[in-house]
Each structure stands twice: as C-alpha cells, then as structure tokens.
Participant: 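Here it is, the structure, as structure tokens.
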Amino acid sequence: MTAVPKYLRLGVNIDHVATIRNARGGDHPDPVRAALLAADAGADGVTAHLREDRRHISDDDIARLRASVNLPLNLEMAATEEMLAIALRHLPNAVCLVPERRQELTTEGGLNISKNRVFLLDFVETLKAADIRVSLFIDPAEKQIAAAAEIGADIVELHTGQYCEAALGTDTGAVDKQLQRISSGAVQADSLGLEVHAGHGLTYATVAPVAAIAEIVELNIGHFLIGEAIFDGLENAVTRMRELMLSARQETIAGLVL
Ligand code: PXP
C-alpha cells in the first residue's frame with residue numbers, strides 16, 4: 001500500500017555561503033546570516049557540512065549556528081573520531097554521516113555501510129545515546145538501505161546526484177530509471193521504519209519528481225539555492241523552492257485521494 005504522504009520539509013544547506021566568504025578569508029558573507037534569512041523564508045531546517053579540511057563551514061560557524069538559529073541543525077560530517085567529538089560538543093538535532101575523500105569537490109557517492117558495518121554500528125550508537133538523530137547518506141540501493149536499518153540508523157538520506165546528472169542530458173529513459181531507484185528505495189526504507197530524506201544536486205528543474213515521492217519527508221538543498229540567491233535573493237529562492245516542493249506533494253496527495 002502506498003504510504004500516506006507527509007509534510008515535506010526543506011533543509012537549506014548554507015555551506016557555499018562560507019565558500020564565498022573563505023575566498024577572501026574575511027567574515028562576509030556570513031553563513032549564519034544566510035541561515036536566519038532562510039528561516040524567515042520558511043526553511044524547516046539548516047544543514048551544514050563541517051568537512052575535515054574546513055574548506056567551507058568552520059567550527060566557529062557550527063557554534064554560532066547552534067547559538068543563533070532557531071531551526072533544527074542537521075550536521076553533515078564524516079564518520080571520524082574528530083567529528084564525533086565535535087558533534088557531541090554541539091549536540092545538533094541530527095547528524096548526517098557522509099563519505100568524505102579529500103580531493104572530491106562535493107560528496108560524490110553514498111556511504112558504503114555494508115563494508116564498514118561494525119565501525120558504523122558503534123558510531124551510530126554513540127550519537128543516538130546523546131539524543132542526536134542519525135542519518136546515513138546512501139545511494140538508493142537495496143543492500144545499503146537494508147544495512148542502514150540493521151545498524152540502527154533513524155534516517156536515510158537518498159543520494160539524488162545520479163538522477164540530477166541524468167536530468168542534464170536528453171536520455172529520458174535514464175532519468176526515469178534513476179527516479180525509479182529513488183522511489184523504490186524510499187518505499188523500502190519507509191517499510192523498514194526509517195525516515196526518508198533525499199538530496200544532492202536538486203534544482204528548480206529537478207525537485208518536483210523527487211518531492212512527489214510520498215515516503216520522502218525532507219529534502220536538503222544547498223548549491224543551487226545559494227547560486228540562485230545571487231540573482232534573486234536567498235529568501236525568494238527558498239520561497240520558490242518550497243512552492244515547487246509543496247505543489248508536487250499536493251499533486252501526489254490529490255492522486256491518492258481520487
Ligand atoms: N545532502 C548531503 C548529504 C550532501 O552532502 C549535500 C552536499 O553537501 C547535499 C545534501 C546538498 O547538495 P547540493 O548542495 O548539491 O544541493
């Protein structure tokens with residue numbers, strides 16, 4: 001049976017405000033100010049990725065986000081001892097564990113849970129014991145989703161990067177195949193009791209089919225929104241993204257009621 005559609009949250013990732021700030025090494029533009037604007041525009045949460053090399057968000061940004069922004073903080077981080085200590089110090093509402101290789105420009109693929117099962121199981125337990133919800137950023141693959149449930153994650157965030165890449169081309173079959181993977185992954189995760197999020201690479205042009213998947217309750221979107229903010233302002237960009245998400249979700253609800 002199709003799951004009852006739920007409210008769809010938007011988490012705004014403010015990493016790339018810090019990327020621009022760091023290009024000059026000063027304190028402008030401030031990602032905390034961006035988070036406050038996103039909150040005013042209706043964002044449901046703020047996401048920030050504290051990378052091992054601190055190429056965008058800094059430790060001080062995390063402390064200031066916690067102190068000044070009255071929205072749930074989703075801290076993306078690698079599963080390392082250093083990051084674990086930081087998470088336990090700042091107690092974000094959720095931690096999203098992501099794979100991190102130093103040379104990659106962004107998070108290229110999902111975590112391989114089956115390969116790192118014992119280590120991740122301990123890591124997830126420690127975070128949960130501190131009342132931090134744990135999300136695992138994974139490809140929408142059956143094996144990874146099953147492993148996420150087995151090690152006790154609260155949430156899976158399904159990687160939408162391959163879908164967004166396919167959408168840049170003209171092969172509609174490839175786009176449909178990627179959407180189908182996300183949709184089946186969402187159904188599988190939901191049936192295993194996992195909360196389902198999705199993100200990476202989403203834009204105005206690609207968000208609707210993902211937002212229409214009833215089992216998904218949160219989308220995390222960053223790079224496109226911060227880029228669009230240059231032309232239209234962050235508040236307008238967040239407002240428009242939310243409208244697109246919610247209208248796609250309304251269509252799903254209407255389709256199920258008919
Ligand atoms: N979700 C996760 C786990 C990510 O690592 C990222 C990129 O930092 C995003 C969502 C957001 O991706 P984008 O910036 O392409 O919207």
Side-chain angles (χ1 to χ4, degrees), residues 8-20 22 31 34-35 38 43-57 61-62 65 72-79 83 87 92-102 104-113 120 133-140 144-145 148 153-168 178 182 185-186 189 194-208 210-211 216-230 234 237-238 240-242 244-245:
L8 180 62
R9 301 191 297 263
L10 170 62
V12 175
N13 179 318
I14 41 82
D15 291 349
H16 296 300
V17 178
T19 305
I20 299 171
N22 297 356
D44 301 285
V46 171
T47 294
H49 185 173
L50 184 68
R51 298 190 75 104
E52 287 184 85
D53 64 7
R54 309 299 198 268
R55 76 180 62 154
H56 37 58
I57 292 296
D61 292 332
I62 298 295
L65 284 168
L73 175 65
N74 174 36
L75 174 63
E76 292 178 0
M77 60 181 222
M83 290 298 154
N93 304 76
V95 155
C96 180
L97 296 177
V98 300
E100 214 178 285
R101 286 193 303 275
R102 278 168 205 282
E104 74 194 10
L105 284 176
T106 180
T107 315
E108 286 166 353
L111 277 177
N112 190 339
I113 305 173
L120 284 173
R133 303 191 76 217
V134 183
S135 171
L136 303 178
F137 186 46
I138 55 173
D139 287 322
Q144 299 298 341
I145 294 165
D154 300 294
I155 304 162
V156 282
E157 179 159 330
L158 302 179
H159 200 313
T160 52
Q162 280 183 277
Y163 154 63
C164 292
E165 291 242 325
L168 292 174
Q178 292 302 333
I182 298 167
L194 292 158
E195 186 170 303
V196 190
H197 299 180
H200 206 281
L202 292 168
T203 65
Y204 292 154
T206 53
V207 76
V210 179
I216 296 178
V217 300
E218 179 172 310
L219 299 182
N220 283 300
I221 308 181
H223 184 268
F224 177 82
L225 285 174
I226 303 307
E228 194 59 19
I230 294 169
L234 184 58
V238 169
R240 175 138 181 239
M241 188 62 86
R242 277 191 53 76
L244 291 168
M245 285 165 54

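All residue numbers refer to positions in the sequence shown, counting from 1. Whatever order the structure lists ligands and atoms in, that order sets their numbers, starting from 1.
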Participant: Could you check whether any side-chain N or O of N220 sits under 3.5 Å from a backbone N or O of L10, counting only pairs where one atom can act as donor and the other as acceptor?
Facilitator: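 Judged by distance alone, no pair lies under 3.5 Å.
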Participant: Going by the angle between their ring planes, with limits at 30° and 60°, are F137 and H159 parallel, tilted or perpendicular?
Facilitator: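 F137 and H159: parallel rings.
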Participant: Output yes when D44 and R242 qualify as a salt bridge under the 4.0 Å nitrogen-oxygen rule, no when they do not.
Facilitator: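 Result for this pair is yes, salt bridge flagged.
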Participant: Looking only at atom types and distance, does a side-chain atom of R54 sit under 3.5 Å from a main-chain N or O of E52, one as donor and one as acceptor?
Facilitator: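 Yes: the side chain of R54 pairs with the backbone of E52.
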Participant: Return the minimal non-hydrogen interatomic distance between A48 and D15, and the atom names on each side.
Facilitator: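 It is CA-OD1, 3.4 Å.
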Participant: Of the listed options (H223, H197, H49), which comes nearest to atom 14 (O) of ligand 1 when hydrogens are ignored and any heavy atom counts?
Facilitator: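 The residue whose heavy atom sits nearest atom 14 (O) of ligand 1 is H223.
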Participant: With a 4.0 Å heavy-atom cut-off (strictly under), which part of E157 contacts ligand 1: side chain, backbone, both or neither?
Facilitator: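 Side chain only.
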Participant: Any N/O of H16 closer than 3.5 Å to an N/O of ligand 1?
Facilitator: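 In fact, backbone or side chain, H16 has no N or O that close.
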Participant: Short list, please: which atoms of ligand 1 are under 4.0 Å from a heavy atom of G201?
Facilitator: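 It comes down to these atoms of ligand 1: 12 (O), 13 (P), 15 (O), 16 (O).
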Participant: Say whether L202, considering both its backbone and side-chain N or O atoms, lies within less than 3.5 Å of an N or O atom on ligand 1.
Facilitator: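 No, L202 has no N/O under 3.5 Å of an N/O on ligand 1.
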Participant: Just which atoms of ligand 1 are under 4.0 Å from any heavy atom in H200?
Facilitator: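 Taking each heavy atom of H200 in turn, ligand 1 has 6 (C), 7 (C), 10 (C), 12 (O), 15 (O) under 4.0 Å.
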Participant: Considering only heavy atoms of N13, which atoms of ligand 1 have at least one such atom less than 4.0 Å away?
Facilitator: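 Atoms satisfying the 4.0 Å criterion: 8 (O).
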Participant: With atoms numbered from 1 as shown, which atoms in ligand 1 lie under 4.0 angstrom from a non-hydrogen atom of G222?
Facilitator: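 Atoms satisfying the 4.0 Å criterion: 13 (P), 14 (O), 16 (O).
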Participant: Distance under 4.0 Å to a non-hydrogen atom of I221: what atoms of ligand 1 satisfy this?
Facilitator: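 By the 4.0 Å cutoff, the relevant atoms are 16 (O).
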Participant: Which of the numbered atoms in ligand 1 are under 4.0 angstrom from any heavy atom belonging to N220?
Facilitator: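 The list of qualifying atoms is 10 (C), 11 (C).
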Participant: Excluding sequence neighbours, so at least two apart, what forms side-chain hydrogen bond (donor to acceptor under 3.5 Å, both in side chains) with R133?
Facilitator: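 Result, side-chain hydrogen bond (donor to acceptor under 3.5 Å, both in side chains) vs R133: E195.
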Participant: Check ligand 1 against V98 and write out every atom of the ligand that is under 4.0 Å from a heavy-atom position of the residue.
Facilitator: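 Answer for ligand 1: 3 (C).
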Participant: Identify, with sequence neighbours excluded, every residue that meets side-chain hydrogen bond (donor to acceptor under 3.5 Å, both in side chains) alongside D154.
Facilitator: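 D154 satisfies side-chain hydrogen bond (donor to acceptor under 3.5 Å, both in side chains) with no residue once adjacent residues are dropped.
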Participant: Using a cut-off of 6.0 Å, state whether more than 12 heavy atoms not belonging to E228 lie near its atom CD.
Facilitator: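 More than 12 within 6.0 Å, yes.
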